[in-house]
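Residue numbers begin at 1 in each chain, while the letters A, B, ... track the order of the sequences.
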Amino acid sequence: MHWADQLASRVAEELRARGKDVYIFNGGLSVSGLQHIGRLRGEIILGEIVRRILEKQGLRIRQYITLYTQDAWKGKKPQREAFPKGEGDRYVGWPLIRVPDPHGCHNNWVDHYWEDFGPYIEKFTDGRIEVITTTEMYRGPLKQVVKEIMSKKEEVRRIINKYRARKPYPEGWIPFEPICAKCGRIDTTRSTRIVDGEHVEYVCDNCGHRGVASIEEGKLNWRLEWAGVWKALNVDFEPFGKDHAAPGGSRDSCVELSREILGYEPPAGQPYEWVAIRTRSGVSDMSSSGFSGITPREWLQVAHAEILRFLYLSTPVMRKVVINPLDIPQYYSRYYRAMRLHHKMEGQGGEEAVEEARSYELAQLTDEVRPVPEIPYLHAALLVQVLPRENRVEEAVRRLKRSGHLPENPEPHQLRWAETLLEKAARWVEKYAPPNLKITVLDRVTSEIAESLTMRDRLRGLADALERVEPWTEEGIKQAMIQYTQGYTPQERRQFYREFYEVFLGRDSGPRAAPLLAVLDKRMVVERLRNL
RNA sequence: GGGCCCGUAGCUCAGCCUGGUAGAGCGGCGGGCUUUUAACCCGUAGGUCCCGGGUUCGAAUCCCGGCGGGCCCGCCA
């Protein structure tokens, strides 16, 4: 059985025990910097998949993604480097939502880095995910929870101190951290007295300021905040990264505090592994505050959302996914294979095939599962490179019909797939493709190349042979070229092809000659050879 | 100190949950094309399933103990 189905049935069991009409799913993100596609995995797509499986079984579910916008900006080196020179230093410890946009185009740090992520959530899911920030929650549903926690502060302290035996909090400790009115930090303040239900006195260890703050202007201690969010939103299921999963970690302490202090049964959970990226320098986990990884916007430039979903679905949740942009053509091959398995276009292959097919099915953005044309990614990459830039997508589509990759009268979704694939492949060639996959058809033969030719007559003669090819298909061209070069010695043939590639691509090798010529215009090919 | 993941064909990995004569993709090699080759198609993989014990008629698969690699938490963020 697919891991997603197993997870869904386990979650379903736990949900039924909670007995509600509408269940709440949640995920959490701290917008500390680059919002990479790894964050889609556990906090968004995982929940969405489980939700959709369970909705099909008749459960009613609302899904949120909570942004931890009150968290302190830690001022890690890559974060600081987003600002000009030393400007970032003064924001260290500020709530993320108050840190200015280093590029000046948005209201603040959060808005800026959310730009390449937030609007794309709906392109990677069914779109039914609501965004909420802790900043708003402290002014709304979390406020009551904060009051409740503060009213039981000694009991809270007793529990939390079990997790920090070496450095217990002292008597009177208040688990609320206000924003310092003077220096702006949220990570250096200590509440010293509860004034009334809604205000605390505090002292800032950074600047020494003493003041009174509203409980809307601060945050709960990290060991409590998550539990507070559960209760405030009535969360019933929430996955969490492996960093929260360690025994004695935040999940453990929040489970206990939720039950003991808040009287709230903690949600069902599921730990998940992170996503890494392979670059020239090696493999490393994608990191928000480290600014490592690619954003959803960048992913969509070079690949469909379904491909990423498929990668996540075909990897067990507790296993690391390593994304290598150079492997995107292969990801498509795997996706197409799974598609064939799902649509029974390929013979059964046992349990593994069944799960691949299921991964494909769950990778879809809607419940409609329609096969797309199996256009190899590298083929698309070749096409867009050899066609003239203007109208190249339209022309490429014509070629795809001719080569049988697309039906003569494609359905709208088939056509859309082809067009978007061509655009993405073109972008991939620019951004990621290794040099040997990059080709350009020369506008004209430079004099330098023309002068270097030693087989000019033979190349000219090829023009006549090719002119007779009708229709202009790969097969016909192939036959003509084999015939034309029949009497050549291996060395001559080698040289002939070298010069052939020089004439068209300005380099001594390239894609196989026949497919290359087939996608080029016949008249152009004949004329270029004839005029050498 | 605690926990997680991984260790199976050159590479990436599936198979382990529900034990029953070792799999896929890619690369490579061969062929389609006496030929350049990187599209596409077809064919081709014999690897101590990390090591050692145990359970079993039978273990890559379950249990215990190691070794190696990666990562998280360590009660400050």
Any luck finding a side-chain donor-acceptor pair between A/Tyr360 and A/Glu355 under 3.5 Å? no
State whether A/Lys152 and A/Glu155 are salt-bridged, where the test is any N-O pair (Lys NZ or Arg NE/NH1/NH2 against Asp/Glu carboxylate O) under 4.0 Å. no
Among B/G2, B/G74, B/A38, the one nearest any side-chain atom of A/Ala246 is B/G2
If we take the P atom in both B/C51 and B/A38, what is their distance in whole Å? 36 Å
Expressed as a whole number of Å, how far does the P atom of B/A45 sit from that of B/C5? 35 Å
Could you measure between the two C1' atoms, the one in B/C72 and the one in B/A9, and give it in whole Å? 32 Å
The side chain of A/Asp285 lies closest to which of these nucleotides: B/C71, B/A38, B/U35? B/C71
Rounded to the nearest 0.5 Å, how far does CD of A/Gln70 lie from OG1 of A/Thr135? 3.5 Å
Got a sec, which residues hit salt bridge (Lys or Arg N to Asp or Glu O under 4.0 Å) with A/Arg427, two or more places apart in sequence or on another chain? A/Glu430
In whole Å, measure the gap between the P atoms of B/G2 and B/G19 for me. 32 Å
Output for pair (A/Asp71 CG, A/Ile186 CD1), nearest 0.5 Å, gives 8.0 Å
I want to verify a distance call: between B/C17, B/C72, B/U36, whose nearest atom is closest to the A/Trp274 side chain? B/C72
Distance between P atoms of B/G58 and B/G15 (Å, rounded): 26 Å
Kindly point out which of B/A38, B/U36, B/G74 is positioned nearest to the side chain of A/Tyr497? B/U36
Picking from B/G74, B/C71, B/G3, the nucleotide nearest the side-chain atoms of A/Pro247 would be B/G3
Just checking A/Tyr169: base, sugar-phosphate only, or nothing, at a heavy-atom cut-off of under 4.0 Å? sugar-phosphate
Pairwise C1' distance for B/A22 and B/C67, with rounding to whole Å: 24 Å
Under the rule for ring pair (Phe, Tyr, Trp, His ring centres under 6.0 Å), what residues qualify as partners of A/Tyr501, not counting sequence neighbours? none
Which protein N or O atoms sit under 3.5 Å from an N or O of nucleotides 5-9 of chain B?
from : atom 1 : to       : atom 2 : distance (Å)
B/C6 : OP1    : A/Arg319 : NH2    : 3.1

For B/C64 and B/G27, measure between their P atoms and round to the nearest Å. 41 Å
For the side chain of A/Asp243, counting heavy atoms from C-beta on, which of B/A24, B/C72, B/U18 is nearest? B/C72
Could you work out the separation of B/C57 and B/A24 based on their P atoms and round it to a whole Å? 32 Å
By the 4.0 Å heavy-atom rule, please label A/Pro168 as base, sugar-phosphate, or nothing. nothing
Mind checking A/Phe500 for me? I need base, sugar-phosphate or nothing, with any heavy atom below 4.0 Å counting as a touch. nothing
